[in-house]
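Below is one structure, written out as structure tokens; the observations come after it.
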There are 2 protein chains.
Amino acid sequence: MHTVFVKDGVRGRVGQAGPLNRARIVRAAMRVVERDGVEVLTMRRLADEIGTAPMSLYRHVADKREVLMELLEAVSRQITGRRLPASPDPRRRLLDTVTVVHDVLEGNRWVVQAVLAVEELPPSALHLSEHMFAAMREAGLDERAAAVAHTAIWHYTWGHVFFGHLSATSARTYDQQEPAGRDGYEELAHVAPAMRELMTRDVFREGLEAMVDGFLAR
Amino acid sequence: MHTVFVKDGVRGRVGQAGPLNRARIVRAAMRVVERDGVEVLTMRRLADEIGTAPMSLYRHVADKREVLMELLEAVSRQITGRRLPASPDPRRRLLDTVTVVHDVLEGNRWVVQAVLAVEELPPSALHLSEHMFAAMREAGLDERAAAVAHTAIWHYTWGHVFFGHLSATSARTYDQQEPAGRDGYEELAHVAPAMRELMTRDVFREGLEAMVDGFLAR
DNA sequence: ACCTGAACACCGTTCAAGT
DNA sequence: ACCTGAACACCGTTCAAGT
């Protein structure tokens, strides 16, 4: 295990400061997840990171799910904490808000896997929906249209972040197969250069604008 | 383990017919996954379903990933095998094609989790992209626009299937909190009835149409 | 040739015991 | 009061041995 030492008459472990508590657990979990990814976050590994025994964690959190939910809350507050986009143009404000969410998720891919594991969004994510609905209403959507658009936009955003690297993989798969005109794949051969070009930049915003404009045009 | 019996002079196990092979493994895996979900599909459980030892599977498949990939291929061929939508109107054809994919995925939620685990689409899924690209070209999109739309549509579709039940959960979360006018959530209170109404039907097609029309309008 | 039991290096979590 | 070792019921997979 870890080296045990004595300092100021207090028995402690390497990297440890003060008694174990929920905040310290969450901070350590965030460190592990940002450094090594969410699939590496196990209760045993987390305990190791803190320098304690796996079972000690259970005095402060009910289970692993609760740890993940705390991480999601932290990210959610990271978004809603700073001022949300406030452009006077509601269309612009909606696009900017969703883009902020996208950018944060893109920078923290583990979030989507955590959401999948927890199967729930953290409470403070409602702030984002509130902000989006205000913009949609101001842009002229009625309640029903706004509800549909809200759902569609979220799904697009989740899909984009999560399947982004999968799209890249699939593109590579196609590339590895014959470059041009393989029987039955003439269309794909035709758009292949364009698809390759797409891989180099993030096209989230373009799809988002198309979708939002589609809703606004009805 | 399983009861061993002798029949026709051949030593066998309950539910077993003939020697172990890849096709029989895949069929058993499909049964498990459709009955109990993909999270229940373990090599041990799969062996149990067939009535063999876990290690016997490894003579016919390299690893669990390969089993999942075979399942994905089966579903993909289930879509591309039957005739794909062929409406003369390309917009309609595109919408119908994606809707077929959505419906199959909706009926087999485990597919998305399998895709996440495998991190790749089965080769035959390229048929669908081919079909989509042909429709998009005929509808007047250039290569670049088609590539962007293709990516956006896929992401929306994945997001919809996978986060569909999550949206439902989140909506319930909001419902359980105060029904109306909780401080700072006036907009949400306002659209809550519309959102509840949405839960009762599938609104995938509506979001898809908005997105496609948004792309066609550029 | 084909199959499989034991074992390895993992999980999350319970429970009884330590200080 | 707070922490933790041993144990349970799991994983995917390797390896050596069985028939």
Side-chain angles (χ1 to χ4, degrees), chain A residues 1-6 9-26 28-29 32-33 36-71 113-114 116-119, chain B residues 1-6 9-26 28-29 32-33 36-71 113-114 116-119:
Chain A
M1 276 231 68
H2 278 66
T3 325
V4 176
F5 68 99
V6 179
V10 180
R11 202 143 158 289
R13 278 191 171 77
V14 176
Q16 180 172 336
L20 195 54
N21 58 47
R22 190 176 251 256
R24 225 147 69 75
I25 291 173
V26 174
V32 171
V33 138
D36 306 319
V38 76
E39 62 279 356
V40 172
L41 185 71
T42 68
M43 296 304 269
R44 285 165 158 94
R45 177 79 188 67
L46 178 53
D48 241 45
E49 176 78 17
I50 300 172
T52 186
M55 290 318 106
S56 304
L57 305 173
Y58 286 87
R59 183 131 327 240
H60 303 95
V61 295
D63 51 22
K64 187 180 172 179
R65 194 192 130 91
E66 212 169 276
V67 176
L68 289 173
M69 195 46 137
E70 287 280 9
L71 292 181
Q113 298 187 60
L116 294 179
V118 169
E119 293 202 313
Chain B
M1 274 233 70
H2 278 69
T3 325
V4 177
F5 68 100
V6 179
V10 180
R11 202 143 160 288
R13 279 192 169 75
V14 176
Q16 178 173 338
L20 195 54
N21 58 45
R22 190 176 252 257
R24 224 148 69 75
I25 291 173
V26 173
V32 172
V33 136
D36 306 319
V38 74
E39 62 280 355
V40 172
L41 184 70
T42 67
M43 295 304 269
R44 284 165 159 94
R45 178 79 187 66
L46 178 52
D48 241 45
E49 177 77 17
I50 299 172
T52 186
M55 291 316 104
S56 304
L57 306 174
Y58 285 88
R59 185 138 320 249
H60 304 95
V61 295
D63 50 22
K64 188 180 171 178
R65 193 193 132 90
E66 212 168 276
V67 176
L68 289 173
M69 194 46 136
E70 287 280 10
L71 292 181
Q113 296 187 62
L116 294 180
V118 169
E119 294 203 312

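Note: hydrogens, waters and symmetry copies are ignored here, and every other heavy atom, side chains too, is used. Chain naming here is simple, since letters A, B, ... match the order of the sequence lines and numbering starts at 1 in each.
Of all heavy-atom pairs spanning B/M43 and B/V61, the tightest one is CE-CG2, 4.2 Å. A pairwise comparison of heavy atoms in A/A47 and A/A53 identifies CB-C, 3.6 Å as the closest pair. Across A/E39 and A/D36, no two heavy atoms sit closer than the pair OE2-O, 3.8 Å.
Distance CZ (B/R24) to C1' (C/dC2): 13 Å, rounded to an integer number of Å. Rounded to whole angstrom, the span from the CZ atom of B/R45 across to the C1' atom of D/dT13 amounts to 20 Å. One interatomic measurement links the two molecules: CG of B/L46 to P of D/dC10, which rounds to 17 Å at whole-angstrom precision. The distance between atom CZ of A/R44 and atom C1' of D/dG5, rounded to the nearest whole Å, is 12 Å. Per the geometry, CE belonging to B/M43 stands 16 Å off P belonging to C/dG5, to the nearest Å. Rounded to whole Å, atom C1' of C/dC11 lies 19 Å from atom CZ of A/R65. Atom pair A/D48:CG and D/dT4:C1' shows a separation of 14 Å (rounding to whole Å applied). For the pair A/E39 CD and C/dC11 P, the interatomic distance rounds to 12 Å; values are reported in whole Å.
To the nearest 0.5 Å, atoms NZ (A/K64) and CG (A/L46) are separated by 9.5 Å. The distance from the CG atom of A/L41 to the CD atom of A/E49 is 9.5 Å, given to the nearest 0.5 Å.
Nearest nucleotide to the side chain of B/L20, out of C/dT13, C/dC3, D/dG12: C/dC3. In the set D/dT13, C/dT4, D/dG5, the nucleotide with an atom closest to the side chain of B/K64 is D/dT13. Across C/dT13, D/dG12, D/dT4, the shortest atom-to-atom separation from the side chain of A/S56 is found for D/dT4.
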Yes or no on side-chain contact (heavy atoms from CB on, under 4.5 Å) for B/L71 and B/V38, after CA distance, side-chain angles and deciding distance?
CA-CA 10 Å; B/L71 292 181; B/V38 74; 5.8 Å; no
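B/H60 pairs in a side chain to side chain contact (heavy atoms under 4.5 Å, CB included) with only one of the listed residues (B/L20, B/V26, B/V67), which is B/L20.
Nucleic acid contact for A/T42: sugar-phosphate only, since backbone atoms but no base atoms lie under 4.0 Å from a heavy atom of the residue.
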Atom pairs, protein N/O to nucleotides 15-19 of chain D N/O, distance under 3.5 Å:
none

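When atom types are taken as modelled, the side chain of A/D63 and the backbone of A/E66 share a donor-acceptor pair closer than 3.5 angstrom. Panel note: side chain B/R65, backbone B/V118; a donor-acceptor pair is recorded below 3.5 Å.
The side chain of A/H60 contributes no N or O atom lying less than 4.0 Å from OP1 or OP2 of D/dC2. Side-chain nitrogen and oxygen atoms of B/T52 include at least one within less than 4.0 Å of the OP1 or OP2 phosphate oxygen of C/dT4.
In DNA chain C, runs of at least 3 consecutive Watson-Crick or G-U pairs, each pair with both distances below 3.5 Å, span C:4-8 with D:12-16, C:12-16 with D:4-8.
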